Asks: 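The structure follows.
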Amino acid sequence: MVGQKNSRYPNGHFVRNLGIAGDKETETEVLLLEHDVPHQPFSQAVLSFLPKMPWSITEEDFKSRTDLRHIGVCSVDPPGCTDIDDALHCRDLENGNLEVGVHIADVSHFIRPGNALDQEAASRGTTVYLCEKRIDMVPELLSSNLCSLRSNVERLAFSCIWEMNHNAEIINTKFTKSVINSKASLTYAEAQMRIDDTSMNDEITRSLRGLNRLAKILKKKRIEMGALTLSSPEVRFHIDSETHDPIDLQTKELKETNSMVEEFMLLANISVAKKIYEEFAECALLRKHPAPPPSNYDMLVKAAKSKDLDIRTDSAKALADSLDAAQVEGFPYFNTLLRILATRCMMQAVYFCSGMDTDFHHYGLASPIYTHFTSPIRRYSDIIVHRLLAVSIGADITYPDLMDKHKQAALCNNLNYRHKMSQYAQRSSVAFHTQLFFKSKGIINEEGFILFVKKNAIVVLIPKFGLEGTVFFENKDKPNPRLSFKEEIPTLTVEDTVFRVFDKVKVTISLDASNVQHQKIRMSLVEPVIPGVSVSPQSNCNSEPDAKKTKLES
């Protein structure tokens with residue numbers, strides 16, 4: 001639709017028919033258009049700048065790079081990952097210290113400034129991950145093949161290598177363009193299994209154990225500095241291989257190895273940020289996370305007060321410490337709920353150009369400076385950071401736009417917009433697949449916890465599915481119950497039953513498909529039982545055995 005902004009009946013013209021509402025392909029197309037995600041096939045002009053196949057590393061490449069092919073490098077990623085950006089290694093040095101390397105795909109070797117491939121990547125800004133589909137920022141030949149640090153093939157990388165002591169203190173840092181040959185592409189679960197299996201003692205396993213031990217020290221130090229450990233329930237769909245419909249929905253289980261990889265990616269990003277800012281104070285592309293205004297914390301502070309707990313928000317460190325201390329006897333899931341609420345108080349992290357800003361601080365990471373270096377296959381910001389770093393170590397030449405702070409600032413605006421839209425598209429995709437899941441399940445009874453109390457409703461989180469829904473107490477089809485809402489420490493009294501944040505409730509979950517264009521998940525209260533308000537539990541539901549229910553609270 002295009003037309004007059006203020007008219008009740010704006011004029012418009014038909015653009016195209018997208019397909020049948022509710023159809024999976026159509027709905028995916030709709031959410032990509034709705035969130036302005038560029039998803040057209042790459043043009044011939046873009047593809048013409050890809051390397052000609054068969055491709056291999058040349059003698060010339062070796063001359064300007066450090067040969068690290070002999071080192072036991074490995075990658076650790078989610079299952080099914082084909083765009084492998086990063087690989088790691090850890091080995092003993094003769095002086096008793098450790099050498100730790102983070103090796104990142106050298107995408108900027110293949111994407112040269114200003115050509116059609118570069119312009120397209122800059123416009124897309126990011127790869128967008130939907131539940132069953134990936135909208136690549138760069139063509140697949142690069143994302144899943146030539147740049148991907150797959151095992152047992154030679155690949156070009158940009159390496160950040162530290163000499164560390166056994167307390168994870170950095171003695172020196174080196175950046176170099178390199179050639180690597182990853183010895184293993186592992187999933188988080190496979191890497192964890194190697195670390196835990198005492199019968200394994202090969203080079204890769206020893207490397208993983210060294211990395212894991214150092215990562216725990218690094219994380220402890222970060223948390224002592226005031227870094228926040230927040231929480232948001234992430235879901236994983238199990239997709240039927242034939243129908244491609246979701247057949248199971250679970251919250252993602254995070255292992256120690258997830259944290260291990262994250263710690264070294266953070267360390268590499270901070271090390272690179274310091275280096276590029278040191279070299280290019282006016283045009284470094286950095287990332288900051290502003291501190292939230294105090295009013296953002298109101299709902300978190302009030303919610304904690306309902307359990308007689310005090311949350312301090314005067315600094316990230318104070319918040320982190322009070323979140324750690326906030327425990328309720330016999331309610332282990334409480335702390336996770338509190339961290340989910342704390343996440344909702346946060347501001348959005350953004351890219352910015354160092355010459356156009358004075359506040360560089362990253363609130364959530366408690367770091368004075370930060371950037372993105374570790375994912376150039378899927379983020380354009382990282383390609384720019386690679387170019388800056390390459391110039392700073394004499395591994396590449398500069399070009400005018402790279403040193404122009406106004407152009408960098410304009411680029412950052414686009415990257416922030418694309419990043420935000422990709423998050424929205426991702427959430428829409430999860431919401432749509434959640435609807436498909438419940439469509440096939442009928443009505444389900446589940447236990448959940450109240451996250452928010454409103455004037456006529458409660459917002460309930462179902463931990464098992466990482467799903468949030470609203471139970472409304474006013475219904476046009478039946479008489480409204482007596483409602484009384486108190487804002488100070490949010491409570492909602494329905495008839496004679498009082499609801500508070502964190503209370504456990506039981507609800508039915510179903511899909512309301514009465515309007516095919518606006519299908520939504522409906523939740524109705526089962527317990528506590530309020531005559532005329534609660535519904536009876538559904539007998540056709542997939543009720544969980546008692547053992548599972550108790551586990552839900554842990």
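Remember, predicted model here, so these are calculated numbers, not experimental data.
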Asks: Considering all heavy atoms of both residues, which atom of Val138 and which atom of Ala121 are nearest to each other, and what is their separation?
Replies: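 In terms of heavy atoms, the two residues are closest at CG1-CB, 4.2 Å.
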
Asks: Just to verify, what does Glu190 make a side chain to side chain contact (heavy atoms under 4.5 Å, CB included) with, not counting sequence neighbours?
Replies: Leu186, Thr187

Asks: How about CE on Met225, more than 12 heavy atoms from neighbouring residues, nucleotides or ligands closer than 6.0 Å, or not?
Replies: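 No, the 6.0 Å shell around CE holds no more than 12 heavy atoms from other groups.
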
Asks: Between Phe485 and Phe473, does a ring pair (Phe, Tyr, Trp, His ring centres under 6.0 Å) hold up when you go through it step by step?
Replies: CA-CA 12 Å; Phe485 176 71; Phe473 293 113; over 10 Å; no

Asks: Provide the closest heavy-atom pair for Ala303 versus Leu341 in the form atom of the first, atom of the second, distance.
Replies: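 Closest heavy-atom pair between Ala303 and Leu341: CB-CD1, 3.8 Å.
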
Asks: For residues Met299 and Cys345, report the shortest heavy-atom separation together with the two atoms involved.
Replies: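 Here Met299 and Cys345 meet closest at CE-SG, 3.8 Å.
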
Asks: Under 6.0 Å from the NZ atom of Lys133, do we count more than 12 heavy atoms belonging to anything else shown?
Replies: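 Atom NZ in Lys133 is not packed in, count stays at 12 or less.
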
Asks: Does any donor atom in the side chain of Glu132 or His433 lie under 3.5 Å from an acceptor atom in the other side chain?
Replies: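 Yes, side-chain donor-acceptor contact under 3.5 Å.
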
Asks: Using modelled atom types and a 3.5 Å cut-off, is there a donor and acceptor pairing between side-chain atoms of Asn445 and backbone atoms of Thr508?
Replies: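 Pair absent, no side-chain N/O of Asn445 close to backbone of Thr508.
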
Asks: Side chains of Ile509 and Leu467: closer than 4.5 Å at any heavy-atom pair?
Replies: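 Side-chain contact under 4.5 Å: yes.
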
Asks: Output the distance between atom CD (Gln192) and atom CD (Glu256), rounded to the nearest 0.5 Å.
Replies: 5.0 Å

Asks: Under 4.0 Å between a Lys/Arg side-chain N and an Asp/Glu carboxylate O for Arg339 and Asp324?
Replies: yes

Asks: Compute whether any side-chain donor of one residue and acceptor of the other, for Asp512 and Gln519, lie under 3.5 angstrom apart.
Replies: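 No.
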
Asks: If we ignore angles and hydrogens, is there a donor and acceptor under 3.5 Å between the side chains of Asp106 and Ser108?
Replies: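 Judged by distance alone, the side chains do pair up.
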
Asks: Pair Phe449, Phe334 - check ring pair (Phe, Tyr, Trp, His ring centres under 6.0 Å), show working.
Replies: CA-CA 9 Å; Phe449 296 98; Phe334 168 78; 9.8 Å; no

Asks: Which pair of heavy atoms, one from Ile521 and one from Gln435, lies closest together, and at what distance?
Replies: CD1-CA, 4.1 Å

Asks: Taking Ser428 for the side chain and Tyr424 for the main chain, is one N or O donor matched with an acceptor at less than 3.5 Å?
Replies: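 Between the backbone of Tyr424 and the side chain of Ser428 there is a qualifying donor-acceptor contact (under 3.5 Å).
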
Asks: When you look at NZ of Lys302, are more than 12 heavy atoms from neighbouring residues, nucleotides or ligands closer to it than 6.0 Å?
Replies: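 Yes.
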
Asks: Side chains of Tyr351 and His419: is there a donor and an acceptor less than 3.5 Å apart?
Replies: no

Asks: Taking atom CZ as the centre, does Arg124 end up with more than 12 heavy-atom neighbours from other residues, nucleotides or ligands that are less than 6.0 angstrom away?
Replies: yes

Asks: Run the side-chain hydrogen bond (donor to acceptor under 3.5 Å, both in side chains) check on Asp118 and Tyr380 step by step: do they pass?
Replies: CA-CA 9 Å; Asp118 183 45; Tyr380 189 76; 2.7 Å; yes

Asks: Please examine the side chains of Glu468 and Val459, heavy atoms only from C-beta on, and report whether any two atoms are closer than 4.5 Å.
Replies: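 Heavy-atom side-chain distance check passes, below 4.5 Å.
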
Asks: Quick one: does Asp503's side chain have a donor or acceptor within less than 3.5 Å of a partner on Arg500's backbone?
Replies: yes

Asks: Phe452: what forms a ring-ring contact (aromatic ring centres under 6.0 Å, His included) with it, not counting sequence neighbours?
Replies: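 Testing Phe452 for ring-ring contact (aromatic ring centres under 6.0 Å, His included), a comparison that skips the adjacent residues, returns none.
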
Asks: Closer than 3.5 angstrom, by distance alone: can the side chain of Ser375 be matched with the main-chain N or O of Arg378 as a donor-acceptor pair?
Replies: no

Asks: For residues Ser524 and Val471, determine if any side-chain heavy atom of one lies less than 4.5 Å from a side-chain heavy atom of the other.
Replies: no

Asks: Does CD belonging to Glu487 count more than 12 external heavy atoms closer than 6.0 Å?
Replies: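 It does not: Glu487 CD has 12 such atoms or fewer within range.
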
Asks: NZ of Lys305: more than 12 outside heavy atoms within 6.0 angstrom?
Replies: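 No.
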
Asks: Quick check for you: to the nearest 0.5 Å, what is the distance between Leu88 atom CG and Phe264 atom CZ?
Replies: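 These two atoms lie 7.5 Å from each other.
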
Asks: Could you grab the distance from atom NE2 of His39 to atom OG1 of Thr28, nearest 0.5 Å is fine?
Replies: 9.5 Å

Asks: Can you give me the closest heavy-atom contact between Leu285 and Leu388, atom names plus distance?
Replies: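 So the minimum-distance heavy-atom pair works out to N-CD1, 3.6 Å.
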
Asks: I want to know whether Phe360 and Phe352 have ring centres closer than 6.0 Å.
Replies: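 Centroid distance Phe360-Phe352: below 6.0 Å, so yes.
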
Asks: Which residue is it: Arg222, Lys216, Lys221? I am looking for the one with a side-chain hydrogen bond (donor to acceptor under 3.5 Å, both in side chains) to Glu263.
Replies: Arg222

Asks: Can you tell me how far NZ of Lys407 sits from CG of Leu402, rounded to the nearest 0.5 angstrom?
Replies: 11.5 Å

Asks: Once you measure the plane-to-plane angle for His103 and His89, does it fall in the parallel (<30°), tilted (30-60°) or perpendicular (>60°) bin?
Replies: parallel

Asks: Taking the side chain from His289 and the backbone from Leu365, do they hold a donor-acceptor pair closer than 3.5 Å?
Replies: no

Asks: Could you check whether Tyr333 and Phe502 have their ring centres less than 6.0 Å apart?
Replies: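 For Phe502 and Tyr333, the ring centres are not under 6.0 Å apart.
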
Asks: Regarding Glu446 and Lys504, does a basic nitrogen lie under 4.0 Å from an acidic carboxylate oxygen?
Replies: no

Asks: Going by atom types alone, do Asp83 and Tyr129 pair a side-chain donor with an acceptor below 3.5 Å?
Replies: yes

Asks: State whether a side-chain donor-acceptor pair under 3.5 Å links Ser367 with His362.
Replies: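 No.
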
Asks: Side-chain contact, heavy-atom cut-off 4.5 Å: Leu286 with Tyr370?
Replies: no

Asks: Any donor and acceptor pair, going by atom type alone, linking the side chain of Ser392 with main-chain N or O of Leu389 inside 3.5 Å?
Replies: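 Yes; at least one donor-acceptor contact below 3.5 Å.
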
Asks: Testing the 3.5 Å rule here: is there a donor-acceptor pair between the side chains of Asp36 and Tyr417?
Replies: yes

Asks: How many angstroms lie between CG in Asp321 and CD1 in Ile223, if you round to the nearest 0.5 Å?
Replies: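 Asp321 CG to Ile223 CD1: 10.0 Å, rounded to 0.5 Å.
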
Asks: Tell me, do Ile458 and Val460 make a side-chain contact under 4.5 Å, heavy atoms counted?
Replies: yes

Asks: Heavy atoms only: give me the nearest Ser381-His372 pair and the separation to one decimal.
Replies: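 Taking every non-hydrogen atom into account, OG-CB, 3.9 Å.
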
Asks: Return yes if some donor-acceptor pair links the side-chain N/O of Ser429 with the main-chain N/O of Leu130 below 3.5 Å, else return no.
Replies: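 No, the answer is negative, given that no donor and acceptor are paired below the 3.5 Å cut-off.
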
Asks: Hey, mind stepping through Glu278 and Lys274 against salt bridge (Lys or Arg N to Asp or Glu O under 4.0 Å) and telling me if it holds?
Replies: CA-CA 6 Å; Glu278 212 174 86; Lys274 288 175 182 169; over 6 Å; no

Asks: Begin from the C-alpha positions of Glu474 and Lys454 and carry the test salt bridge (Lys or Arg N to Asp or Glu O under 4.0 Å) through to its verdict.
Replies: CA-CA 12 Å; Glu474 288 180 337; Lys454 306 204 167 182; over 6 Å; no

Asks: Using a strict threshold of under 4.0 Å (side-chain N to carboxylate O), is an ion pair present between Glu447 and Lys506?
Replies: no

Asks: Between Arg134 and Asp136, is the closest basic N to carboxylate O distance under 4.0 Å?
Replies: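 Yes, Asp136 and Arg134 are salt-bridged.
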
Asks: When rounded to the nearest 0.5 angstrom, what distance separates CG in Asn212 from SG in Cys90?
Replies: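 These two atoms lie 10.5 Å from each other.
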
Asks: Atom NZ of residue position Lys317 - does it have more than 12 heavy atoms of other residues, nucleotides or ligands inside 6.0 Å?
Replies: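 Yes, NZ of Lys317 has more than 12 neighbouring heavy atoms, counting only those of other groups under 6.0 Å.
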
Asks: Does Thr127 use its side chain to pair, donor to acceptor, with the backbone of Met137 at less than 3.5 Å?
Replies: yes

Asks: Verify, without hydrogens or angle tests, whether Asn416 (side chain) and Arg418 (backbone) share a donor-acceptor contact under 3.5 angstrom.
Replies: no

Asks: Between Thr493 and Ser484, is there a side-chain donor-acceptor contact under 3.5 Å, judged purely by atom types and distance?
Replies: no

Asks: Any side-chain to backbone donor/acceptor pair from Asn167 onto Glu169? Under 3.5 Å, distance only.
Replies: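 Looks like no, no N/O pair under 3.5 Å.
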
